[in-house]
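A quick write-up on the structure given underneath.
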Amino acid sequence: MDKKSSRIAFGTMIFFLILLIVGIHMNDVAVVLNKAVRICLDCMGIG
Amino acid sequence: MLRRWIQIAAVFLSNASWKFPFTRNIYQGELKAVCTPGLNCYSCPAATGACPLGAIQNFMAGVRPSFTPGHPHLGLYVIGFLGFIGSIAGRMPCAWLCPFGLLQELIHKIPSRKFAIPKVLTYGKYVFLALFIFILPLMAVDEFGYGAPWFCKYVCPAGTLEAGIPLMGLKPELREMIGWLFYSKLFWLGVFLLWMVFSKRPFCRTVCPLGAIYSLFNRISVFKMVHHPDRCTRCEACFRDCPMGIKFYEEPNQTDCIRCLKCLNESCKFGAISYSLEGLAPKRTVRVRTTE
């Protein structure tokens, strides 16, 4: 594998890891939890 | 066989809460803050994780009102999570970790005449991704600025199967709320269950927005499939066995490849298929099996 494709692969991985960390820092985790612990009527088709 | 055990383990890890017959409710512990890598409805009574697609839609649906208090929630946690997994493995979670993928593979084992899926339909998943996950939840809002999770609400057969039907049994009061929407979702669930009998992984290939997200990473991910043209006889054994109906030898990292490794481990007798990890030496798996 050439160096360029290695750089792209690892660069993309690091970019999304940073997004993930920023999202955690912005308290997105609490938003996900708040939604996930309630019954989603939309998911069931009665929302 | 290893993959099947991992798929089964993933089903039980994604749905590890079995108190629901007694609590008559869904699991509400803190693990629900963690997204699952596969499609698994978070309103399934046993679900122990959050559905990443449902989470993204809810971020999109609530992004406008979240700006008002000055604490915008853009869903970077979920997008980062999916992108991180995708950048390592591409679409591999579809083959190894997705409960709905396992269901499709098992139903397809029912003996029947089998049909190919036209290539043009496989682009449908990108339409669902753009429209139902991002554009409609973001743009079609009520007077307070809130959108709706369009894919969950109008399409997702996993939600109907894992949440709608079980919760109707657990919570009789919900049955009074059933309307045309529930029946339309039941209809689409029926269509996909039937289609699974006749075609390989029809939902993954034509509709699944989660697969569409992961597929965008197949060409650039750390994990890559490798084709050795000097050993390939184009016997099409890999094509016949492929659960996604792709011709590996035409493009080894095409977007629909779910990296199940069936072609490598079961199909190819000539050592023409291997995989590599970017930045490390390519693993050249040569499996020459002579046929008498």
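Of the two parts of A:Arg7, neither the backbone nor the side chain holds a non-hydrogen atom closer than 4.5 Å to a non-hydrogen atom of chain B. Within the 4.5 angstrom heavy-atom criterion, atoms from both the backbone and the side chain of A:Asn27 approach chain B. For a residue to count as touching a neighbouring chain, one of its non-hydrogen atoms must lie under 4.5 Å from one of that chain's; by this rule B:Ala55 touches chain A with the side chain only. For chain A, the nearby part of B:Val78 is the side chain; its heavy atoms alone come within less than 4.5 Å. Heavy-atom distances place both the backbone and the side chain of B:Lys32 under 4.5 Å from chain A. Contact annotation for B:Phe217: only side-chain heavy atoms (C-beta onward) come within less than 4.5 Å of a heavy atom of chain A.
One distance of note links CG of B:Leu74 with CZ of B:Phe59; it measures 9.0 Å at 0.5 Å rounding. To the nearest 0.5 Å, the span separating NZ on B:Lys171 from CE on B:Met177 amounts to 11.5 Å.
Ring geometry for B:Phe132 versus B:Phe151: interplanar angle over 60°, hence perpendicular rather than tilted (30 to 60°).
Residue A:Met44 is tested with B:Ile165, B:Leu174, B:Thr160 for a side chain to side chain contact (heavy atoms under 4.5 Å, CB included); the sole match is B:Leu174.
In terms of heavy-atom pairs under 4.5 angstrom with chain B, the leader among A:Ile24, A:Val31, A:Ile8 is A:Val31.
Defined by atom type and a distance below 3.5 Å, a donor-acceptor pair is present between the side-chain atoms of B:Arg259 and B:Asn253.
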